[in-house]
Every structure is written in C-alpha cells, then in structure tokens.
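These notes concern the structure reproduced below.
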Amino acid sequence: MSETTIPQQAPARRDRTHWLYIAVIVAVFAGILAGWLAPGFGKQVGELGTLFVNLIKMMISPVIFCTIVLGIGSVRAAAKVGKVGGLAIAYFLLMSTAALAIGLVVGNLIQPGTGLDVAGHAKDAAKYAKDASSAGGTWDFIKEIVPTSMLSSLTSGKVLQTLFVALLVGFGIQAMGSAGEPLLRGIALVQKLVFRILTMILWLAPIGAFGAIANVVARTGLDAVKQLALLMAAFYLTCVVFVFGILGVLLRAAAGVSIFKLVRYLAREYLLIVATSSSESALPRLIAKMEHVGVERTTVGVVVPTGYSFNLDGTAIYLTMATLFVADAMGNPLSWTEQLGLLLFMIIASKGAAGVTGAGLATLAGGLQSHRPELLDGVGLIVGIDRFMSEARALTNFSGNAVATILIGTWTRTIDSTRVQAVLDKEIPFDETTMVDDHPAEQLPTEKTPVPA
C-alpha cells in the first residue's frame, strides 16, 4: 500500500503591521517633546506631516473610483444604487441635525468662553475670513461636482467629482452586460494594485505623525492648550456622547451591533486619524474594512464617499460650540433664534467648504462675517487649538460614516449579519497586507455546516 502524500499548506504570513502602529505612538510622543523642547526644529519638520497626508490623499480618488465602479458594475438593478444613495442622504441630514442640537445644548450649558479676553488673538481672524470667501457657496459646491473631463476627476483631488464619474462608468459597464465583464476584471486588478501601493505608503505614517505633532506643539506651545482646556474638554466630551450615546444606541437598536466592538475593529484607523488629524487618511481603509465586515461593495461604494462630504457630524458639533464660544468670549452671546439661523447656515456652508484646507475655521469665519461681523475678531482665539480639535472632528466624522454604512446596509438588506458578528468577534481577521477580500463570501461554521475534526 503506497503512502499518500498529504499536501502541506503554506505557512501563513505573519502580520507585522502592529509594529507600524506602535511606531506611530512612539513618534507622536517624540513629536510632542521635539516641539516643546526645540520649537524651531519642530516648525521645520512640520512639512513631513503635510507630505504624508498628501500621499494618502493621492490614493483616495483611485480607491473610490475602483470601489464604486466594481460595486455598481457587478449588480443588475440600477434602482438598487439609487435606493441606497437616497436613504443615505436622508440619514445624513437627520444625523447632522442631531449633532447640531447636541452641540447647542452642551455649549449653552457649559459656556466655556465666558470671561475670556480675545484682544490678543484677534489678528489671525482676517486670514480665515479670506479663506472662507474662497470656499464658495452652495451653488459653487453643486457646480464643482461636474469635472472638466473624465480623467480630471481622478487628478483634481475632489471626492465628489470622482464619485460622479465613477457612478457614470459603473452604470455604463452595467448597461453593457456581459461585454463589460473584461472591464470589471481589469478594474479589479487595478484596485489590488492601488491597495498594495497604499499599504506601502502607510509605513511612512510614523514620520508623518512626528512632523505633524512637533509642528503643532512648536507653534502653539503647551500654554495655549491649557488656556482653552475647558473648550477642548467640552468638545471632546460632546463627541464621545454623540458617538457612544446617539450612534451607539441607534446601531444596537437597528442592526444589533455593538458600537464598542466596531470601535475596536477600527482601532488602527482611529490611531491613523489621530496621527494625521485627518479622516481622509483612513478613508481607503474604511472602504476595505466595511467590505470585509460584510457590507456589499455597492453599498460601501456609495455610502462611504458620499458620507465624507455630507455626513460631517463632528464638524457640525465643532461649528456649534465654536460659535457659542466666540460669542461668549466677545461678551456678546447669541439668542436662540440667532443661534439657529447662523448655525443652520454654517451646516450648509460646510458642504461647500469640503476639501478646503482649514475648512472648519474658514466656515466659522465666513458665517460670522455674514451674520454677526462684530464677532469675527474672536475667531483667532481658537486658531491655536484648532488642530487638536480637528482630531475629535475627524474621529467623530469617521465613526459616523462607519455606523452609517452598517445601518444603510441593514435597512437595504445588503449586509451579511452573520459575517458582521464573526468579523467583530475576531473570527475572520482582516488581511492587513492586501486590504482586499478575494473571497468575501467566506462560509462560516454554523449548525448546518459541520466543522471538520
């Protein structure tokens, strides 16, 4: 009887990416010390953080384009995409209103700006007022959705233009039927290449984090952070209440998913956002992880990119509390009717400022200049800590988009609930080396599927 050769499985590659995130934490503390002890050096290395964020932004349009085209091109019913998009927009508007209301309540209860003297900080306001005018209004925002050419949508860096062209291409391939399958296979290969390049770029995260943190500490100093500690604490607390209170309860009630498990699943993305103060740096990874957790590619491709322009919960809270803070600090608080009118204007204007550097401060200054110009000088008061507050804005925006993707997937029945629980329970690990699921429909052991001995 001849011996039977049993093929041996190739040893699984060890996940070494945890060393990357340990290095990011070390780099953040090193950057704080460098900016504090050597401010001149800290300012000089600030460009390292900018360069890293630019590298990430370079990959956003290709990731969104490939994801949306593959998602839409692989489904038969175009109405399915329209249903997902319409439900997403309605949900985003509802959540923005909720974020606005929470910010109003907390800002009026705590009143962190009362008794402050803003005279010494008013000099920076003119710069952001100028930036606000360049952000454009609502009609400019709508006009900018259509690019000058199909290829320019991939090079302009404007997410909505990429989304618009990807929708057209996806529906076009869908209409081609079987003739469009070779195009889909080609775009799938391009997607793998894009994620592989992104993985290479992420190994530069410690360098970018060191430069960004060192620059912030060097320019503001530790005293500037202490001076406005109450505002920062109140803002962070409000964001925590919104994510774990509002979003967490909604996620548990509608989808049966724990917000704590979801946050643990996205822990590395949160760390990347803290290091860069930009939720855009984690956008490609959010797309990959939402597909891995069990949401259909079509839903992910529509909800996540749209949410990055419309679902700005953290920005809404920031605009609310910052406006109340400036008004109180200037000794001219807003009435309730003034608060509602001004802040509703800012929520709309924030959509037009999407993608503009310093969009939060620019929108804040633009709204004050339009409605209460006598308060404009107070904007300079929060310039020193805006970078620290932008981290909470980015984390809240990111959390809101992750929750929205699971909720929209649940409501449209484009999610595998069994896979969601398995992934969040660490039964199906995320492939950090490729960030692409070759077999997303992996079968899980159930009562009907016996587990091999």
Side-chain angles (χ1 to χ4, degrees), residues 10 13 56-85 88 145-202 283-306 308 405 408-409 412-416 419 428 430-443:
R13 287 177 298 180
I56 296 294
K57 290 182 178 179
M58 177 182 70
M59 305 304 298
I60 289 177
S61 290
V63 167
I64 291 175
F65 179 82
C66 293
T67 302
I68 294 176
V69 172
L70 289 175
I72 296 177
S74 60
V75 298
R76 294 175 179 264
K80 185 177 181 180
V81 178
K83 179 181 179 181
V84 171
I145 294 178
V146 181
T148 55
S149 68
M150 292 185 67
L151 294 180
S152 68
S153 65
L154 297 175
T155 58
S156 63
K158 297 180 179 179
V159 173
L160 287 183
Q161 289 189 1
T162 305
L163 175 62
F164 177 72
V165 172
L167 288 171
L168 293 180
V169 174
F171 284 124
I173 294 178
Q174 184 187 78
M176 293 173 64
S178 59
E181 292 180 0
L183 292 174
L184 287 178
R185 288 195 295 269
I187 294 176
L189 290 175
V190 173
Q191 184 192 47
K192 290 186 178 181
L193 172 63
V194 168
F195 277 118
R196 180 65 69 176
I197 296 174
L198 180 64
T199 302
M200 296 163 56
I201 292 175
L202 288 177
L283 186 150
R285 289 182 59 89
L286 178 61
I287 291 176
K289 281 204 164 182
M290 287 296 101
E291 290 183 11
H292 175 74
V293 84
V295 184
E296 287 187 9
R297 180 174 289 168
T298 306
T299 302
V300 175
V302 173
V303 176
V304 174
T306 306
Y308 262 68
T405 305
I408 301 300
T412 57
R413 298 181 180 179
T414 56
I415 190 173
D416 185 345
R419 183 180 176 89
I428 307 179
F430 180 73
D431 189 349
E432 294 285 351
T433 58
T434 64
M435 294 195 295
V436 176
D437 277 333
D438 287 327
H439 305 287
E442 180 178 346
Q443 189 177 21

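What you are looking at is a predicted structure, and each value in this text was computed from that prediction instead of being measured. Throughout, residue positions are numbered sequentially from 1 according to the sequence presented.
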Single hit among Val293, Val302, Val295 for side-chain contact (heavy atoms from CB on, under 4.5 Å) with Thr405:
Val295

Say you draw a straight line from CE of Met150 to OG1 of Thr162; how long is it, rounded to the nearest 0.5 Å?
11.5 Å

Could you give the distance from CZ (Arg413) to OG1 (Thr299), rounded to the nearest 0.5 Å?
13.5 Å

Can you name the residues that form a side chain to side chain contact (heavy atoms under 4.5 Å, CB included) with Val190, not counting sequence neighbours?
Cys66, Val194

Val69 versus Ala166, closest heavy-atom pair with distance
CG2-O, 3.7 Å

Rounding to 0.5 Å, atoms CG (Leu184) and CG (Leu189) come to a distance of 11.5 Å

How long is the gap from CE on Met290 to CG on Leu286, to the nearest 0.5 Å?
5.5 Å

Where is the tightest heavy-atom contact between Pro182 and Ser178, given as atom of each residue plus distance?
CD-O, 3.9 Å

Taking atom CE of Met176 and atom CD of Glu181, what is their separation to the nearest 0.5 Å?
10.5 Å

Across all chains, not counting sequence neighbours, the side chain to side chain contact (heavy atoms under 4.5 Å, CB included) partners of Ser149 are Leu151, Ser152

His292 and Arg419: which non-hydrogen atoms are nearest, and at how many Å?
O-NE, 2.6 Å

What are the two closest heavy atoms between Ile173 and Gly180, and how far apart are they?
CG2-O, 3.7 Å

For Ile197, side chain to side chain contact (heavy atoms under 4.5 Å, CB included) partners two or more places apart:
Met59, Leu193, Ile201

